[in-house]
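It should be emphasised that the depicted structure is a prediction, and the values quoted were computed from it without experimental measurement. Proteins come first, then strands; the chains are lettered A, B, ... in the order of their sequence lines, and each starts at number 1.
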Protein chains: 2
Amino acid sequence: MTIMPKLPEKTIERLSQYRRALLICLGKNKQYIFSHELAGMLHLTPVQVRRDIMLIGYSGTLRQGYEIREMIALIGKIIDSEEGLKVAVIGLGNLGRAMISYFNGKRTKLSIVAAFDINQEKVNRVYAGVPCYHIDMLSKIIRSENIPIAIMTVPGDEAAKVTESLVLAGIKGILNYTPTPVNVPANTYLQEYDMITSLEKIAYFVKQGNREEHI
Amino acid sequence: MTIMPKLPEKTIERLSQYRRALLICLGKNKQYIFSHELAGMLHLTPVQVRRDIMLIGYSGTLRQGYEIREMIALIGKIIDSEEGLKVAVIGLGNLGRAMISYFNGKRTKLSIVAAFDINQEKVNRVYAGVPCYHIDMLSKIIRSENIPIAIMTVPGDEAAKVTESLVLAGIKGILNYTPTPVNVPANTYLQEYDMITSLEKIAYFVKQGNREEHI
DNA sequence: TTAACATTGTTATTTTTTTAACAATATTTT
DNA sequence: AAAATATTGTTAAAAAAATAACAATGTTAA
């Protein structure tokens, strides 16, 4: 297998988006796509698309564009793990359930296999195919099921404690959707996403009457 | 009022985060904060914090740090609108409800004042203080209530249609949480957020055994 | 069959963002 | 009172990302 020299982080993000856009095209029985078409779908410039494609070592055909299936396959080789990775959702509130529905049937390589909550009414039930365990079982299940990734959708004031449990349980990556930033050791990958920041940013640009698109 | 020379986009994002962190500190009766403390809370470097603070024209006191109240006030002056902005949530599914709970009582300047859904069981009811209207009322309510910002939490296959309605209704900013990218005219601010991309990015770095933190 | 065109692939340039370096200085310690 | 220290504020440098420029070339049109 060819070693892929480290891709820019932004390119990784876009690869995921390219794939989704390409899958939509495939669903419409499209076979080839031009850089400007893909760019248009994702609010990017054609140059950026071509450059990313260059970076992953793929080539299209002149005047015909890129072969959609091939590109999907190649992106998969780069960003997916062969075995597939299991994901747990911590906190089965509205947001946790939203994440599960979101994923339902969408991806094969990433699958949500467990949810955790503190509420006894939710525990030991199955939500959209995903079993919900009591949060006390977190460490046990994460280890036994070998789950490397967790999505935190608990209330902000529980974020720190849950993070600690996750780290102790050996989790490798955390996506933190709570409003509270958390800390993890250096060998754990952490990504924070804050809905309020997103909205405040929009508010700022709306206030400024700014015209640009920003993804 | 001093004209603020255009701030970097990333700084705007961080200002929102600074404020939230500062509010937490304020809640703990802290009065001053050092750049390295703020940095530590948000996975940033102290230099970056100081630089941002410099850019907004604030000054701390040597060996004492920054006055928390003052800084919160200043950030508000920069990123908030004086009158406050109204926000609508389109789609009262799990994600829409999550957004509403998230905001409940948190912000004063941004307030979710309306939700829309197609489901008759949800229409004309109030969820967490927010009235839900039928989606056919979208244009009417958005105009009459003067709502400039919308959060889209509908299923992906409705995203395009809803976006069109929003634009026609004169919306100024859209936060798109559906998995489907949409298009808006140049005078509308659009921000797309894709949960799957976030997760796939984590998966990639977990796969790589990458050690860094990424916000 | 030649010219015009559309598209890719790649290098170069510019812009944006982050990081480093370090001067200035109030506070604490000796 | 002098030295050491911790911290801010700012300029400079580096790194990352986006954009532009343009050569190459197969395709279509004249």
Side-chain angles (χ1 to χ4, degrees), chain A residues 4-18 22 25 30-68 70-71 74 192 197 201 204-205 208 210 212-215, chain B residues 4-18 22 25 30-68 70-71 74 192 197 201 204-205 208 210 212-215:
Chain A
M4 191 65 58
K6 39 140 199 41
L7 295 166
E9 187 166 335
K10 295 286 178 185
T11 297
I12 299 296
E13 281 179 32
R14 285 190 296 263
L15 288 181
S16 166
Q17 294 168 228
Y18 293 150
L22 292 170
C25 294
K30 209 168 148 64
Q31 205 184 340
Y32 287 89
I33 194 167
F34 294 127
S35 60
H36 63 261
E37 293 177 298
L38 200 43
M41 289 177 81
L42 296 166
H43 319 290
L44 305 169
T45 63
V47 200
Q48 201 164 40
V49 171
R50 293 206 301 277
R51 213 167 177 292
D52 285 335
I53 291 174
M54 184 192 78
L55 289 174
I56 64 176
Y58 183 62
S59 288
T61 24
L62 202 48
R63 282 226 156 191
Q64 193 170 23
Y66 303 93
E67 219 277 314
I68 293 179
E70 281 180 13
M71 223 177 124
L74 178 55
E192 313 243 8
T197 290
K201 187 176 155 194
Y204 173 81
F205 284 111
Q208 303 278 309
N210 193 307
E212 299 154 63
E213 267 182 39
H214 296 251
I215 318 302
Chain B
M4 190 66 59
K6 41 146 199 34
L7 295 165
E9 186 167 335
K10 295 286 177 187
T11 297
I12 299 295
E13 282 179 31
R14 284 190 296 262
L15 288 180
S16 165
Q17 293 168 228
Y18 292 150
L22 291 170
C25 294
K30 211 168 146 67
Q31 205 185 341
Y32 287 90
I33 193 168
F34 294 127
S35 60
H36 63 262
E37 292 176 298
L38 199 44
M41 290 177 80
L42 297 165
H43 319 290
L44 304 169
T45 64
V47 201
Q48 201 163 38
V49 171
R50 293 206 301 276
R51 214 168 177 291
D52 285 334
I53 290 173
M54 182 193 77
L55 289 175
I56 64 175
Y58 183 63
S59 287
T61 22
L62 203 49
R63 280 229 157 190
Q64 193 169 24
Y66 305 92
E67 218 276 312
I68 293 179
E70 282 180 13
M71 221 175 127
L74 178 56
E192 312 242 10
T197 290
K201 187 175 155 196
Y204 174 81
F205 285 112
Q208 303 278 309
N210 195 308
E212 299 151 64
E213 267 182 43
H214 298 252
I215 318 306

Nucleotides 12-22 of chain C: protein proximity per nucleotide (B base, S sugar-phosphate only, - neither; heavy atom, under 4.0 Å): B----SBBBB-
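- Applying the ring pair (Phe, Tyr, Trp, His ring centres under 6.0 Å) rule to Phe34(A) yields the partners His36(A); only residues at least two apart in sequence or on another chain are considered.
- Atom pair His36(A):NE2 and dT7(C):C1' shows a separation of 9 Å (rounding to whole Å applied).
- In this entry the distance linking CZ of Phe34(B) with P of dT5(D) reads 17 Å, nearest Å.
- Summarising the geometry, the separation between CE on Met54(B) and C1' on dA24(C) is reported as 15 Å, rounded to the nearest angstrom.
- The stretch residues 59-68 of chain B touches DNA chain D through Ser59(B), Gly60(B), Thr61(B), Leu62(B), Arg63(B), Gly65(B), Tyr66(B), each having a heavy atom under 4.0 angstrom from the strand.
- Not a single side chain to side chain donor-acceptor pair (under 3.5 Å) links Gln48(B) to another residue, sequence neighbours left out.
- Atom CG of Asp52(B) is separated from atom P of dT10(D) by 14 Å (rounded to the nearest Å).
- In this structure, the separation between CD1 on Ile12(B) and NZ on Lys201(A) is 9.5 Å, given to the nearest 0.5 Å.
- The salt bridge (charged side-chain N to carboxylate O under 4.0 Å, His left out) pairs that include a residue from residues 57-67 of chain B number zero, where partners must be two or more places apart or lie in different chains.
- To the nearest angstrom, C1' of dG9(D) lies 11 Å from CG of Leu55(B).
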Protein-nucleic acid N or O pairs under 3.5 Å, nucleotides 1-3 of chain C:
none

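- Closest non-hydrogen pair, Met71(B) versus Leu38(B), comes out as CE-CD2, 4.0 Å.
- For Thr61(A), the side chain to side chain donor-acceptor pair (under 3.5 Å) partners two or more places apart in sequence, or in a different chain, are Gln64(A).
- Residue Ile12(A) contributes atom CD1, which lies 14 Å from atom C1' of dA17(D) at whole-angstrom precision.
- When side chains are defined from C-beta on, Leu44(A) counts as touching Tyr18(A), because their heavy atoms get closer than 4.5 Å.
- Rounded to whole angstrom, the span from the CG atom of Leu38(B) across to the P atom of dT8(D) amounts to 10 Å.
- Scored by the side chain to side chain donor-acceptor pair (under 3.5 Å) test, Thr11(A) finds Asp52(A) as partners (sequence neighbours excluded).
- Distance Ile53(B) CD1 to dT8(D) C1': 10 Å, rounded to the nearest Å.
- Once rounded to the nearest 0.5 Å, the distance linking OG of Ser35(A) with CZ of Arg51(A) reads 14.0 Å.
- Looking at residues two or more places apart in sequence or on another chain, you find a salt bridge (Lys or Arg N to Asp or Glu O under 4.0 Å) between Glu37(B) and Lys30(B).
- Not counting sequence neighbours, Lys10(B) has no partner by the side chain to side chain donor-acceptor pair (under 3.5 Å) test.
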